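Step one of this worksheet: look at the structure below.
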Protein chains: 2
Amino acid sequence: MPTIKDVAARAGVSTATVSRVLNGEKVKEATEKKVLAAIKALGYRPNHIARSLKTQKTQTIGFVVPDFGPFFMQVAEVVEDILNSYSYSLIVCNSNENPAREKERVRMLVEKKVDGLLVVPTGDTASHLREIQQQGTPVVLVDRMVKDMQVDCVLVDNVNGAYQAVEHLITLGYRRIGLINGRLEVTTGEERYRGFLRVFEDYNLSVEEGLIRTGDFSTESGYILMKELMGLPDPPPAVFVANYYMTIGAMLAVNEMGIKVPRDLALVGFDDMELTRLANPPLTAVVQPMQEMGEKAAELIYKRIGGDNTGFPQMYRLKPELVIRDSTSPFRKTKNLEVI
Amino acid sequence: MPTIKDVAARAGVSTATVSRVLNGEKVKEATEKKVLAAIKALGYRPNHIARSLKTQKTQTIGFVVPDFGPFFMQVAEVVEDILNSYSYSLIVCNSNENPAREKERVRMLVEKKVDGLLVVPTGDTASHLREIQQQGTPVVLVDRMVKDMQVDCVLVDNVNGAYQAVEHLITLGYRRIGLINGRLEVTTGEERYRGFLRVFEDYNLSVEEGLIRTGDFSTESGYILMKELMGLPDPPPAVFVANYYMTIGAMLAVNEMGIKVPRDLALVGFDDMELTRLANPPLTAVVQPMQEMGEKAAELIYKRIGGDNTGFPQMYRLKPELVIRDSTSPFRKTKNLEVI
DNA sequence: TAAACAGAAGTAAACGATTACATAAAATCA
DNA sequence: TGATTTTATGTAATCGTTTACTTCTGTTTA
């Protein structure tokens with residue numbers, strides 16, 4: 001592989017000059033031509049590692065997601081596209097919804113000297129991230145927030161999303177509404193829970209605590225919890241599942257149990273994927289603006305890396321939207337009776 | 001950030017000695033203790049960039065996938081886990097099923113000086129990969145192969161997979177069988193097509209060319225092509241969809257058109273994901289060994305990076321399995337009549 | 001015309017590790 | 001014990017860039 005020295009020799013100039021044309025600084029036009037010619041002739045490509053060593057920048061940003069499933073990968077795709085267009089590259093890592101592994105992956109990215117970090121935190125504490133931030137690496141939280149840290153974040157208004165879902169059910173006449181939710185230590189879980197409660201408060205109705213279930217965001221736990229709910233002596237005629245993967249699990253359970261939606265059970269899910277549209281029946285769901293989330297996250301981290309700290313700590317609260325499809329129909333007394 | 005010099009100074013030794021303990025070379029036990037103490041006291045962490053510059057190794061491998069969907073991401077997850085356990089890290093990039101973009105992503109990874117490259121090729125030509133290989137970077141092809149290159153690869157026996165699917169339909173009594181397939185320039189498409197044809201050959205039946213459709217592996221194209229097939233004057237009573245995303249699209253189309261599976265149409269899909277199991281009815285499908293694919297790919301590239309070239313070019317042909325669920329039932333003459 | 005000043009290009013010191021080679025100390029041998 | 005080998009450590013070059021500083025050339029100004 002030819003180095004900058006080879007180019008310099010061939011063009012009859014110093015390495016400094018070559019470096020200058022490489023970085024678009026001003027040089028005499030004649031010299032630039034010579035250098036460019038030498039670069040082309042030798043097939044020279046600058047060595048990013050050497051450059052990074054000197055400049056302390058890697059033109060790379062890291063993204064730690066809790067899983068490689070469709071939701072976060074769709075966000076990652078948007079982020080990658082935007083960052084690529086700024087000639088940054090993206091390293092996506094999987095924390096497996098596990099705080100220890102998250103710490104581990106973050107450490108790895110920091111050791112790789114990424115210029116910035118996008119993180120979907122898996123726990124409620126963030127000492128490891130605060131540290132990194134203090135060392136000067138910009139950090140942007142995506143989808144979830146942590147309490148103990150001043151940090152930029154791109155979030156969805158989960159309270160409002162859950163609120164819309166549950167209000168929809170209330171409006172259809174349901175009073176006994178089941179909730180299948182994710183871990184409360186992560187803000188999405190906690191906020192969706194709050195949204196759920198708030199509807200009851202606002203409508204002056206009492207919640208039936210026994211219909212609330214908390215799992216771990218996984219398909220399995222959605223499946224188990226839905227079976228649990230439907231196995232109750234008096235199962236709820238409507239259920240809100242507050243997370244995409246859990247929604248899949250819940251649908252699977254319902255299918256297996258032969259429960260007919262919406263006849264026997266009204267179901268509201270989360271996120272709009274192929275599956276939710278394809279389902280039989282197509283699912284009423286709270287859909288999150290994934291595209292926008294990716295865009296905001298990418299633009300924000302890019303801005304911070306560029307040293308622009310205006311508005312810190314910035315918080316975006318994107319609005320989710322309730323899409324009404326066929327899995328919810330007005331309440332009928334007989335609902336669920338045949339299942340009991 | 002403390003450097004190796006700081007550690008050396010604090011421990012009262014030379015940087016060479018520090019480097020030696022860092023790399024597990026033999027030093028006197030007392031010295032090692034001193035160095036370790038200094039490292040701990042200063043919170044020193046070696047700078048990977050500097051190390052890479054000197055050693056010409058990055059402990060990183062790249063993986064270019066054609067999309068961030070569940071199939072490849074599941075493979076990527078397995079690969080990541082294994083490589084992590086060897087303390088390598090993985091950069092996953094998206095070629096978007098687009099040869100130009102693939103070239104671009106590969107170039108980026110090479111400039112990042114990855115130690116090895118895993119690629120799911122999107123075209124039938126591979127000059128860009130051959131070049132890289134000749135420069136000494138190990139390349140392993142995953143899921144798909146290219147004709148014009150001697151290279152390690154980890155593939156699935158697609159001919160056999162498609163064969164099983166179609167044979168299953170033939171056995172159930174179907175003769176007119178539709179095929180929705182991906183691009184023939186990529187080997188998976190081509191091989192599955194061959195498998196399809198071979199069944200007819202072996203059973204001495206003639207294929208109806210008009211029932212064969214070729215798309216681009218996307219959900220949309222699966223959707224469109226299924227609508228096309230079902231819109232035919234005399235639509236086939238059975239269809240084999242030879243790719244996961246296209247399967248989703250096809251199911252969507254079928255659902256929308258109110259076609260009942262398996263009553264009106266027998267459907268065999270590809271890959272075993274939540275969706276295929278959750279579907280109504282659960283889908284009969286050819287399932288690929290994703291876990292094994294990830295394992296083989298990770299182990300092979302690791303071996304090559306370590307300089308072990310035994311068996312080059314190695315080719316793994318993993319066996320897919322037909323899982324029979326409820327979307328296929330024996331042929332009845334009346335099938336599809338109500339749709340016409 | 002000489003002094004002052006740009007502008008362009010060169011020199012060489014970083015960046016933070018690894019490692020070939022040199023040297024000193026310890027262990028082995030006759 | 002002195003010569004010789006082995007082992008442990010230090011010295012300094014190197015990886016391929018960038019960049020502060022210097023030097024040179026040519027232009028402007030008084």
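Side chains included, hydrogens not; waters and symmetry mates left out as well; all remaining heavy atoms used. Because the structure is predicted, anything quoted here is derived from the model rather than measured. In what follows, every chain begins at residue 1, and chains take the letters A, B, ... in the order their sequences are listed.
Nearest heavy-atom pair across B:M293 and B:V156 is SD-CG2, 4.0 Å.
Between A:T31 and C:dA9 there is a side-chain polar atom (N or O) within less than 4.0 angstrom of OP1 or OP2. OP1 or OP2 of C:dT18 has at least one side-chain nitrogen or oxygen of B:S19 nearer than 4.0 Å.
Taking the six-membered ring where the residue is Trp, B:Y302 and B:Y86 present parallel rings, their angle staying beneath 30° rather than reaching 60°.
Of the residues in residues 9-16 of chain A, those placing a heavy atom less than 4.0 Å from an atom of DNA chain C are A:G12, A:V13, A:S14, A:T15, A:A16, in numerical order. Contacts between residues 105-117 of chain A and DNA chain C, defined by a heavy-atom separation under 4.0 Å, are absent.
End-to-end axis angle for the helix from C:dT1-D:dA30 to C:dA30-D:dT1, using five pairs per end and rounding to 10°, comes out at 50°.
At a threshold of 4.0 angstrom between heavy atoms, the contacts of B:K26 are confined to the sugar-phosphate backbone, with no base atom among them.
No salt bridge links B:R101 with B:E104; every basic N to acidic carboxylate O contact stays at or beyond 4.0 Å. Residues B:K26 and B:E32 are not paired through a salt bridge, judged by the lack of any N-O separation under 4.0 Å between the basic side chain and the carboxylate.
Residues B:N23 and A:K28 each lie close to DNA chain C; by heavy-atom proximity, the contact nearer the 5' end of the strand is made by A:K28.
For A:K54 against C:dA14, a side-chain-to-base donor-acceptor contact under 3.5 Å is present. Side-chain N/O atoms of A:R45 and base N/O atoms of D:dG16 include no donor-acceptor pair closer than 3.5 Å.
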